[in-house]
Amino acid sequence: MQTSQATGRGAWPTTQITLLRQVADGQDQRAWDSFAGTYAPLILGYCRKRGMQEADALDVVQEVLLQVSRQMGQFQYDARRGRFRGWLGTVTHRAMLRQRERLRRRARSASGCADDDSLSRQECDQPLGELWVEAFNAHVYREAVQRVRLQITDETWRAFEGTFVQGVPPRKVAEELGRSVGWVYQAKAQVVCGLKSEILYLAEDSVLLSRAAIA
Amino acid sequence: MACCSPDELRSYLQRELPEPALVRVERHVSRCEDCCRTLDALACDLDAEFVRQFLEASRRDALRGEHSCRDGEPGATTGSGDDCPDWRPFAADAALPLRFGRFTLKQILGTGGFGVVYLADDANLDREVAVKIPHLAGVSPDARERFRREGTAAAGLHHPHIVQVHQAGEHQGVCFLVSEYCPGRTLQQWLEEQSRVGDARQAARIVLALAEAAEHAHQQGVIHRDIKPANVILDDRDTCGSLPFRPKLTDFGTAILVDEGQRITSSGMLVGSAPFVSPEQVLGERAGPASDVYALGVLLFQLAAGELPICGANTAETLQLVVSREAPPLHRVAAGAPRDISAICAMCLEKNPARRYASAGDLALDLHRFLRGEPTQARTLGPAARLGRWCVRNPLPLAIMGSVILVLVLAVAGMTWHAIALQRWNGRLRLAHLHAVAMRDRALASELKARRLRYASDMRLAAHCWRSGDPSGARQILAQHVPSSGQADLRGLEWYFLHREVHPAVETIATHNPPLYCVRLAPDGRQFATAGQDAVIRVHNRATGQVRLSIPSGQGEVNSLAYSPDGQTLASAGDDGSIRLWSVADGQPAGQFAAHEGLAFGVQFTPDGKSLITCGADKRVHVWSDVGTDGRTRATYADHAGRVEAIAVSPDGQWWASAGDDRTVVVRAIQDGVLRMRWDQAHGKLSSVAFSPDSQLLAVGELGGQTTKLRLFALHDGSQILQQPHPDGIRSVDFTPAGDGVLSVDNLGTARLWVVPGDSSSPVLDRPLGVWKVQDSRIYSAVCEPAGDSALLVGREGIVQRLNMNTSTAERVLDRARLSELARLPETELRIHAVAFDQAREQLLVAAHVGLATVSLRPGHAATFRQLPGNRTWEQVTVPREGGWFTLAGSTSLQATARNLPQPCVLERWHSPGGPVRLLFESDRNSSLHDVRCSPAGDMLAVVVSQHEQDGLPKRLLLLDSESGRLLREFPAASGTRPRFTSDGRWLIFGVQRDVHVVDLHGDLRRVVRDAHAESLGGLAVSGDQRWLATCDEGRELKLWNLATLRPHAELQGHLGKITSLAFHPDCRTLLSGAFDGTVKAWNVATGQQLLNIHEGPLGISHMALSPDGQRLAVVERRRNLWVYHLPR
């Protein structure tokens, strides 16, 4: 397929076998599970933070995943606009608005007998923006941490955590761990490097290039 | 030494430096501050800044927590504004002291597994406390949960050797734990400071204190799970016996309540520090008190020997060794250690939890004994030791008996050793087997659980696809849940419901290219046969459509086929005028004879299989007797003036019917050929005839003419009971197996299903029940399949198609407008209050305000209405499971109340809608009947009555004899009381205010669940297998209970309005709930998850009823509209 021109709002490459492509073709359940497992908690958490009830938030998650699986075929990559983060945010935000509209409509139409005071509480329709970016970045960070921690020893992690997260001087951390200062620096550099590559993978191109497909 | 170059340092950081340089740099860096600064700078390059940006995001995000935008303060905590505590102070001591709620954080005491501990001042109580705040890892829900648990578990423990926890709380989204502040080192630090370790008595004293603490915690149901030196604080404000400090167990960070144990192990998370983790924890089993005993044993060993009993090079290796390697005896590692301590250690470090001390208390006792110099439980003398001591005491006999004994002992020992070894191996094998079985069961159980969860969430997704117009997406998801062999079938109502909804009405099951003229079902329904232009007869498997047998008949074209009643023989009528017989088993010819001059069109066996009836272009109908033999005879009928196109035989074997180009249909008796009926008024050629399954009706299809019609004749008098104008020429007609519908197929490739009028009084629909455009050209032949909801079609396109005729799931069978028409009353006087299924009569009974309505469950849903006397509103109707009678309840009408006329409410027993009526119950003053339920056996009625308000009398639940109306028992009730019987009729369950009452109808037992809901109880439902109880309150709260234990099973969240009715599907896997939010939802009982909305509409659901067989669901929208859903089997 030609990918020269970007169409539509989102950005998606179709030249490579993407995770989503596999999902949409129904070829790879695992690809889908991996995608959903990575991003569903983000969407759910975001909706909950914006005041949605669990059940409604779950509906939004379903809808977003569905949309993602449905729309991927139509997207082409556009480096200028194409950040997965923004695209997913837009889809999520729209799904939330739709869900709220549905709830409101239903409450109105059934108002003869329904109590709809719970709905008014869910009003917080700020435009998509910083909150989403923060939620996305935070989620990506946590996800990356989980992935990196699988690859390193507890000790290495502690060195990173002490120096980078808690801001303890490396010398002190080295003493605590009974390691050399150099080792602590090394450990920190190793984890930073690992985190960066995981974050890049998750935030930028995880959906573009499935590792499984490359390997 | 000169400083390192930046390049060198960069390579060093990336671990790319070769060996000699590495050692040099390493050594230099540890002393050179400048190089450290360079390393800092290098490490803080772009990568670090990039990662930091995300780290900060996660910190800010964590502070926000859930629901931060609620309650009309959008954006209140979105920015890093003033009201948001900055995270940095928690991480670096530079910003201390810091105010945190009522605490002032003064200094960092330490950083633990996932928290930072601060020394803080408690402003309220004016004391120093330790405040623990989880750092980054604490933001995950799992960690939050652990933290909360730590608080709950630990706050309940009060012991001199446990650091007291005061409070667990949350401040601005940051959770924290407040505990007693104990100045002093940790045991870890103390161990590191000791120049000499290995004082066994001191070790015993320390561990004794901790074992007592652990015993206390165990008795409260708390297991520490992470006993290690770092979690022991030596409080030096106090002493403990001869110890200069008081050891205190702290950080129940991984402690959990024993009851909740499953959760943490099921997540596969391992808590604890590797050398202190017990073997059973490594194996993923549940940690128990014995695990803490193990850890105390490790601690004792470490304190006494100065080293760990089992320790590998890294965590993984250590864990492996914990399982596989026996700990060395203490006295070997630490020479001079008392044997008793060694034995105590060994007993603690047993791999098998059952062989350790039974409790931490027992360990404490043994340590006590050791400290007092008494014999310990761990080290009892064995027989060899006793023999040894005897020998020492008696040297002479030993010398004499020595050799004899030696020989005997050797022989016995050899045999005994063998037996013991065998026994031991058997024992191990048995244990290994038990272990394997347990592991497998657990794996299977968790797999099933995972599948259930995935199933429920996929059903939601599939329902979503379906509602949003993506049937192929839904189909794909549904297909994933067709169980493979050996798997449990999780599919319930929702799966079949969606499956039916998203599958197209028509499915091609076989393709041949030449046109097909005829399709016939085998009598056993397992196969069907087709034939057509290419004169090849094909026998197909009915389910798959696969061709099982192809028979080239050699008849030019085959126009018609017939199966013999035994299914062994096929007869074919061909263009060569011959009739040929074929064996279905192998396709071999079984006979042939010339029947007609020119084309033979039709062939039929009589039900006894002895005769064949054929028709053809020669205007003749022949009845052939004894067709299987050479002594074949023939009776010929020349009733028609044109080609005879179709022939049919009545299922009861009495009649045959023929129809033809001469617009005439003829019915004659098979037995003697007597003419029963002749009708020649058709407007065009006739193409098809078919008898109804009960042989009472004859359907005739017209092929030509401008006003094509489908006609139905009653055989008993030859009258025409239906003339249905048909848009195009009919090619074939067939009755549904139940006889309630006729399927017609036409020249334009359309199939239609028509309603057969039940009796002369029932109205006739002016449109078909279903219309399906199946093909683009003629459909020549159609046959209904045995289940009645599908048909096989063949035509000019040469394909065999299966038509699913059941695609219309829901029908609005009644609404106020229709009621008003039926009742000739204004709509305002009519309401649909309640409905009940009368399955025996295939109808729905409707309590319709001023009267009783019935709606037929047969196709077409004919309805009747009957106004009832008495100035009442009829609001309740109930039918016993077996049918046969029903009750109607009438309450005092509002007008009567307004006029202050005393009027009681009544409960009547009806035999049938038009039949005799008996008064069962009459209240003694103005009152209403709120609910009536019939017991499963039909012998009792539970009735909720309320006196009108001026009396101020409470509501009552009456149990009446359904035959006589005699009062059997009486219970106090409330406005929302909705009694339900269990399916065995033993228990009556009802809600009173917020309590659920379960009353034994065979005895006097009564169980009550207090405060089952936050508000007064509304509806109830009991599953057919009596495992589950569903309750809802007068709001939106819906709960599932285990009926046997009356413990809550799940809370079902999802309705947006008051829940009005509940019903369990008979498969007991699905619960249905209808609510004012306009939806009827299906819930998975096992997982408590919402599956799909079966009904979704703009009006609230005021009532809902499920038929006893679970195949029909009646939904009443706001007392206006009545829908009936056909649920899949």
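The sequence lines fix the lettering, A, B, ..., with proteins before strands; numbering per chain opens at 1.
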In this structure, NZ of A/K196 is separated from CZ of B/F54 (nearest 0.5 Å) by 10.5 Å
| 4.5 Å side-chain heavy-atom contact, A/Y141 and B/E56 | no
Between the CD1 atom in A/I199 and the CG atom in B/L55, the distance rounded to the nearest 0.5 Å is 9.0 Å
Honestly, the part of B/E1096 sitting under 4.5 Å from a heavy atom of chain A is side chain
Across all chains, not counting sequence neighbours, the salt bridge (Lys or Arg N to Asp or Glu O under 4.0 Å) partners of A/E175 are none
Value for CD (A/E134) from OG (B/S58), rounded to nearest 0.5 Å, stands at 9.5 Å
A/W183 and B/Y12 have their tightest heavy-atom pair at N-OH, 3.4 Å
The interface call for B/T1060 against chain A, heavy-atom contacts under 4.5 Å, is neither
**OP:** Check whether any side-chain heavy atom of B/L9 lies under 4.5 Å from a side-chain heavy atom of A/Y185, and answer yes or no.
**Re:** no
Taken in chain and number order and not counting sequence neighbours, the residues that satisfy salt bridge (Lys or Arg N to Asp or Glu O under 4.0 Å) with B/R1120 are none
* Under 3.5 Å, side chain of A/Q62 to main-chain N/O of B/R460, donor-acceptor pair present? -> no
Whatever's closer than 4.5 Å to a heavy atom in chain B on A/R158 counts as neither
Turns out that what part of A/E155 lies under 4.5 Å from chain B's heavy atoms comes down to neither
Distance col, row A/D59:CG vs B/Q1090:CD, nearest 0.5 angstrom, shows 6.5 Å
